[in-house]
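This report concerns only the one structure given below.
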2 protein chains.
Amino acid sequence: MNIKDIAKLAGVGVSTVSRVLNNHPDVKASTREKVLKIVEESNYIPNSSARILKQNNTKNIGILVKGMFNPFFSEMVNTIGCKINESGYTMILKQSYIEDYKDIDVLKAFINDKRLQGVICLGGNFIDINEQYIKDIEVPIVLTSVNNYNEEFTDGYSCISIDNRKAAYEATEFLLKNGHENIALMVADSYSKEGLNERRLDGFKQALKKYNIEFDECNLLEGHYRSDISYTKTKELLQRYENITAIFATSDIMAIGCAKAIVDSGKEIGKNICLIGFDGMDISEFYNPPISTIKQPKELMSNSSIELLLDLMNNKSEHKHIVLDTELIVRESCKIRIK
Amino acid sequence: MNIKDIAKLAGVGVSTVSRVLNNHPDVKASTREKVLKIVEESNYIPNSSARILKQNNTKNIGILVKGMFNPFFSEMVNTIGCKINESGYTMILKQSYIEDYKDIDVLKAFINDKRLQGVICLGGNFIDINEQYIKDIEVPIVLTSVNNYNEEFTDGYSCISIDNRKAAYEATEFLLKNGHENIALMVADSYSKEGLNERRLDGFKQALKKYNIEFDECNLLEGHYRSDISYTKTKELLQRYENITAIFATSDIMAIGCAKAIVDSGKEIGKNICLIGFDGMDISEFYNPPISTIKQPKELMSNSSIELLLDLMNNKSEHKHIVLDTELIVRESCKIRIK
DNA sequence: TTGTATGCGTTATCAT
DNA sequence: ATGATAACGCATACAA
């Protein structure tokens, strides 16, 4: 069943059918109705490949996700996916597992391969983005919550993020103000010497410095965004160092691993050892006891990303670099102060 | 840059280029190399729309998810998405929010609209699937972990599921054997009189019956797959009924809401009130205390679904209806026995 | 207001 | 082994 068949059935030319289907105004009302009726009756759906071939317009928006295993991202994909559907586009979701520094190449191949008209990248490392890449890419891209981008070169693409350094600084300062001097930091990968992790680590170090506390490398753990690994690493740490009084984990997923390790080490969360997570996921609120966290505005981040992308695609906006606010939510996991 | 340009640059005809690109054997080795070199140099990528138009083959696999907000599904999407990429297909992800009983229509529209060559449905209600629908659909579909399908008509489509009734029965029986007589059940939506929820409810009721315990409607709660709602509902319940000694929640997401409600009601999890969840998510293991759960084999479910679908698409398999095993994992949230 | 004819970039058939 | 050419289904410039 194609446009020719419909034309024949309706007793009109193919172009008239095409006009009706594309809501062109120059069709007599009666003709339009006649055509629509036939279309309805025969369950006709235009062949999108032919349409795309002709119009050079795929109506595809790509989402490139570095680590969908992270519920923080999968919730964002959820929100973004709804908006994409609503706006008549199709979401092409691709997960990337490539090592650092190659995300930009994956992105390029993704765009070419699927003829995308715009892309949102969730996570990933775009430190080596430059003018040549932007010129090659041609379609608007929005980097959301990415680990890194080139701060020297910010033209031609958009960025939506939080201030990771500041957020980590605030969380650490909170602990320091409460008298903690032996704080462990659980990051995802400490070897990654740049990016989101590095900036959170930076904020942590800055705060320590301001309060004249030496940074002890032994208090730095790698949880790889996994509860089980965080659990094991925290347990080891607590066996080695009796004097740890607080742990700051740079994701809630890791924080719950730390939490159980604290309990299993015979300590009480929020009393013997304070705990702060990152992201503001539901679990932090419903854990026992509730875990302090730095809340990221994930709804706002998702909505801003897709709205900005759509605007960019319709030339309704210039590229923007947006930094959204985070909020430190203090809960029972930080109840006790050390004077 | 199209196939014609490449042909011109390589000094050959378009059909030769096409043959090279599609690995046809009847090309001289030297010609093949020459063409490949030009293709490489010019970063040429064939236009997939034209290809699809010609071949009537989209290489698109659809995933229709009912409720990506559920991390259980988003983890499965993650696993499935990887396999799809590996096999050279593109994943088209669509989230459905339509009310019960219309999922089959959404599915049909999805397939037609995106010219899918196969679909996996995660969740949803397919009770009204029938011969006519299957005939209309034409491409293989796999229903994975769906709420319901037509047990009278199982031809022409595949199904991968667990035995929800049995799993719920086992969990309930475990509680009953430990002396619990006042057990609350937290389901997602009790109004949905069929489907996954109904079957879990059924298993629950069956177990009660076997142990000669009256089912009290007041002990049935609706958590809508949300921790916050489960929390509120559980708290209300515990205020009304002092004698509840166990709660069975039909998802871990809801179980953590119940868990916090228990604590906030001044009771101890696993001591005053026992708790069992469903799904086997990480959080059940790392909660404080660890929460008993019914573990679903989500990796196996994901892998089986996509492998079966690919086989079906290549006529390497017939349609199957597979029921996978679950496992009751008993943890500290069920430590205490009653008399 | 409507119909005819052309071309989008491929693949496949048919020559050569 | 290779090249010319006809389709695939659609949108649109142009003609009427």
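Chain A is the first sequence line, chain B the second, and so forth, proteins listed ahead of strands; every chain is numbered from 1.
B/Lys4 has its NZ atom 10 Å from the C1' atom of C/dC8, to the nearest Å. For A/Leu21 and D/dG9, the CG to P distance is 15 Å, given to the nearest whole Å. Rounded to a whole Å, the CD1 atom of B/Ile3 is 14 Å from the P atom of C/dC8. Rounded to whole Å, the distance from CD1 on A/Ile52 to C1' on D/dC8 is 14 Å.
Remark: A/Arg19 is not in phosphate contact with D/dA11, judged by side-chain N or O atoms under 4.0 Å from OP1 or OP2. Remark: B/Ser15 is not in phosphate contact with D/dG3, judged by side-chain N or O atoms under 4.0 Å from OP1 or OP2. Note on A/Tyr44: every side-chain N or O is 4.0 Å or more away from OP1 and OP2 of D/dG9. Contact annotation: A/Asn2 reaches the phosphate of D/dG9 (side-chain N/O to OP1 or OP2, under 4.0 Å). Phosphate contact (OP1/OP2 of C/dA12, side-chain N/O of B/Ser18, threshold under 4.0 Å): absent. Contact between the side-chain N/O atoms of A/Asn47 and the OP1/OP2 oxygens of D/dC8 is not found at any separation under 4.0 Å.
Base engagement by A/Lys54 is indicated by at least one non-hydrogen atom pair under 4.0 Å involving a base atom. In this structure, A/Asn56 reaches neither bases nor backbone, as no heavy-atom distance under 4.0 Å exists between it and the strands shown. If you check every strand for non-hydrogen atoms under 4.0 Å, A/Thr31 touches sugar and phosphate atoms only.
Atom CD1 of B/Ile80 sits about 5.0 Å away from atom CG of B/Leu122, to the nearest 0.5 Å. A/Ile127 CD1 to A/Asp103 CG: the interatomic distance, rounded to the nearest 0.5 Å, is 12.0 Å.
Map A/Val14 and A/Arg32 each onto its nearest nucleotide of DNA chain C; the residue landing nearer the 5' end is A/Arg32.
Shortest non-hydrogen contact noted between A/Lys108 and A/Ile137 is CG-CG1, 3.8 Å. Nearest heavy-atom pair, A/Tyr225 versus A/Ala188, reported as atom, atom and distance to 0.1 Å: CE1-CB, 3.6 Å.
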